Trainee: 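One structure, as structure tokens, below. Some questions next.
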Amino acid sequence: MSRKLCLAQEPEADALLSEDDFALLTGMLLDQQYPLEHAFRGPRKIADRMDGFDIHKIAEADPQEFEDLCSTPPAIHRYGRSMARRTQDLARYVVEHYGGETSRIWTEGDPDGKEVLRRLKDLPGYGDQKARIFLAMLGKQLGVEPKGWEKAAGAYSEKNSRRSAADIVDGETLLEVRAFKKQMKAAAKKS
């Protein structure tokens, strides 16, 4: 499936996210307490340092060496070492449960949206919100639309919303999502 994501706002990083499902899953993992576009650049940094982005190499890497690789400036995340551990946990999980084929999370056994959401929530580092956003991204940007995905993704599936990474298709929508998140934080502080 040909797709062109625009999450990292850098051509090489976005190309990797567009071509490699595990890179996209990893970028979403890194999207916390860090600017979204920088989080989605993390997989490219790993690829540059590991001579390619390979889920099996990541899963099997020496943990200390992988932490060093991920935390060397420019690090993959503000918390480079802990995110390196989370990335390796995610790689190991996908290798163990899906044979290293990330897309099986949303294709194996022709699952409905509720089942895909459950599988995403089972991933290390993926809570309810992150899983719903990723499910919405699958439906909105990648054409992966299991039955009932909109209901399972909740508000993140709304058409033309600017609520999450699932809605970012260019630099302008990134700014709109950032503004929405800022507005939500301000509203939460008031209540």
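Every value quoted in this text rests on a predicted model; they were computed, and no experiment measured them.
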Trainee: Looking at Gln141 and Ile168, would you say the former's side chain and the latter's main chain have a donor-acceptor pair under 3.5 Å?
Mentor: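 Between the backbone of Ile168 and the side chain of Gln141 there is a qualifying donor-acceptor contact (under 3.5 Å).
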Trainee: Identify the heavy atoms of Ala153 and Leu135 that sit nearest to each other, and give their distance.
Mentor: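 Here Ala153 and Leu135 meet closest at N-CD2, 3.8 Å.
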Trainee: Quick one: do Leu24 and Phe40 satisfy side-chain contact (heavy atoms from CB on, under 4.5 Å)? Show the steps, please.
Mentor: CA-CA 8 Å; Leu24 184 60; Phe40 281 98; 4.0 Å; yes
Trainee: I want to check something: taking the side chain as every heavy atom from C-beta on, are Leu120 and Leu25 in contact at a cut-off of under 4.5 Å?
Mentor: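 A side-chain contact under 4.5 Å exists here.
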Trainee: With a 6.0 Å cut-off (strictly less than), is the heavy-atom count around NZ of Lys147, excluding the residue itself, greater than 12?
Mentor: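 For Lys147, atom NZ is not crowded (no more than 12 foreign heavy atoms under 6.0 Å).
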Trainee: Is any side-chain heavy atom of Leu5 less than 4.5 Å from a side-chain heavy atom of Ser18?
Mentor: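 They are in side-chain contact.
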Trainee: Say whether Tyr79 and Ile46 are linked into one hydrophobic cluster, either directly or through other cluster members, by side-chain heavy-atom distances under 4.5 angstrom.
Mentor: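 Per the 4.5 Å side-chain linkage, Tyr79 and Ile46 are not co-clustered.
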Trainee: Would you name the heavy atoms of Val95 and Ala59 that are closest together and state the gap between them?
Mentor: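 Heavy-atom minimum between the residues: CG2-CB, 4.2 Å.
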Trainee: According to side-chain hydrogen bond (donor to acceptor under 3.5 Å, both in side chains), does anything in residues 115-137 pair up with another residue at least two apart or in another chain? List the pairs.
Mentor: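 Matches after skipping sequence neighbours: Glu115-Arg118, Glu115-Arg119, Arg118-Asp122, Lys121-Asp128, Asp128-Arg132, Gln129-Tyr156.
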Trainee: Pair Asp21, Ile105 - check side-chain contact (heavy atoms from CB on, under 4.5 Å), show working.
Mentor: CA-CA 10 Å; Asp21 293 327; Ile105 296 167; over 6 Å; no
Trainee: Please assess Gln9 against Arg41 for the test side-chain contact (heavy atoms from CB on, under 4.5 Å), listing each intermediate value before the final yes or no.
Mentor: CA-CA 8 Å; Gln9 308 285 303; Arg41 291 174 190 161; 4.0 Å; yes
Trainee: Run Ser161 and Lys140 through side-chain hydrogen bond (donor to acceptor under 3.5 Å, both in side chains) and show every step you take.
Mentor: CA-CA 11 Å; Ser161 68; Lys140 287 177 158 183; 3.2 Å; yes
Trainee: What distance do Ile55 atom CD1 and Arg92 atom CZ have between them, rounded to the nearest 0.5 Å?
Mentor: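 Answer rounded to 0.5 Å: 11.5 Å.
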Trainee: Please check this pair: side chain of Gln88 against backbone of Ile58, looking for a donor-acceptor N/O pair closer than 3.5 Å.
Mentor: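 Looks like yes, one N/O pair under 3.5 Å.
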Trainee: Specify the closest pair of heavy atoms between Leu7 and Leu36, including all atoms of both residues, with the distance to one decimal.
Mentor: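 Looking at all heavy atoms of both residues, the shortest contact is O-CD2, 3.9 Å.
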Trainee: What pair of heavy atoms forms the shortest contact from Gly27 to Pro43, and how long is it?
Mentor: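 Shortest heavy-atom contact: N-CG, 3.8 Å.
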Trainee: With side chains defined as the heavy atoms from C-beta onward, is the minimum distance between Thr26 and Phe53 less than 4.5 Å?
Mentor: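 Contact flag for Thr26/Phe53 side chains = yes.
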Trainee: Taking all atoms of both residues into account, what is the closest heavy-atom pair of Ala166 and Met137, and its distance?
Mentor: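 Shortest heavy-atom separation between Ala166 and Met137 comes out as CB-N, 3.5 Å.
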Trainee: Nearest 0.5 angstrom please: Glu37 CD to Leu174 CG, how far?
Mentor: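 Separation between the atoms: 5.0 Å.
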Trainee: Any carboxylate oxygen within less than 4.0 angstrom of a Lys/Arg side-chain nitrogen, looking at Arg44 and Asp48?
Mentor: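 Looking at Arg44 and Asp48, the cut-off is met.
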Trainee: Looking at Ser157 and Ala136, would you say the former's side chain and the latter's main chain have a donor-acceptor pair under 3.5 Å?
Mentor: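 Here the side-chain-to-backbone pair does not exist.
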Trainee: List the residues meeting side-chain hydrogen bond (donor to acceptor under 3.5 Å, both in side chains) with Asp170, not counting sequence neighbours, and say none if there are none.
Mentor: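 Here the qualifying residues are Thr173.
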Trainee: Roughly how far, to the nearest 0.5 Å, is CG of Leu90 from CG of Leu123?
Mentor: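 Separation between the atoms: 6.0 Å.
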Trainee: Check the pair Met83, Gln32 against side-chain contact (heavy atoms from CB on, under 4.5 Å), reporting the backbone distance first and the verdict last.
Mentor: CA-CA 10 Å; Met83 287 304 184; Gln32 61 185 48; 3.2 Å; yes
Trainee: If I compare all heavy atoms of Gly42 with all of Leu30, which pair ends up nearest, and what's the gap?
Mentor: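 What the structure gives for the nearest pair is CA-CD1, 3.9 Å.
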Trainee: I want to check something: taking the side chain as every heavy atom from C-beta on, are Pro35 and Arg178 in contact at a cut-off of under 4.5 Å?
Mentor: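 In contact.
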Trainee: Quick check on salt bridge (Lys or Arg N to Asp or Glu O under 4.0 Å): which of Arg163, Arg162, Lys181 does Glu176 satisfy it with?
Mentor: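 Output: one option passes, namely Arg162.
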Trainee: Could you give the distance from NZ (Lys4) to CD (Glu19), rounded to the nearest 0.5 Å?
Mentor: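 Between Lys4 NZ and Glu19 CD, I get 10.0 Å after rounding to 0.5 Å.
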Trainee: Which pairs with one or both residues in residues 95-106 pass side-chain hydrogen bond (donor to acceptor under 3.5 Å, both in side chains), sequence neighbours excluded?
Mentor: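 Every side-chain hydrogen bond (donor to acceptor under 3.5 Å, both in side chains) pair that includes a residue of residues 95-106, provided the two are not neighbours, is Arg104-Glu108.
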Trainee: Grouping I, L, V, M, F, W and Y whenever their side-chain heavy atoms are under 4.5 Å apart, do Leu29 and Tyr34 come out in a common cluster?
Mentor: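 Unlinked, Leu29 and Tyr34 end up in two clusters.
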Trainee: In Å, rounded to the nearest 0.5 Å, how long is the span from CG of Asp167 to CZ of Phe180?
Mentor: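 The CZ atom of Phe180 is 9.0 Å from CG of Asp167, to the nearest 0.5 Å.
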Trainee: Check whether any side-chain heavy atom of Asp89 sits under 4.5 Å from a side-chain heavy atom of Tyr93, and report yes or no.
Mentor: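 A side-chain contact is absent here, since even the closest heavy-atom pair is not under 4.5 Å.
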Trainee: What's the spacing between Glu12 CD and Leu17 CG if we round to 0.5 Å?
Mentor: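 One finds 11.5 Å between CD of Glu12 and CG of Leu17.
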Trainee: Does a donor on one side chain sit under 3.5 Å from an acceptor on the other, for Thr72 and Lys45?
Mentor: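 There is no such pair between these side chains.
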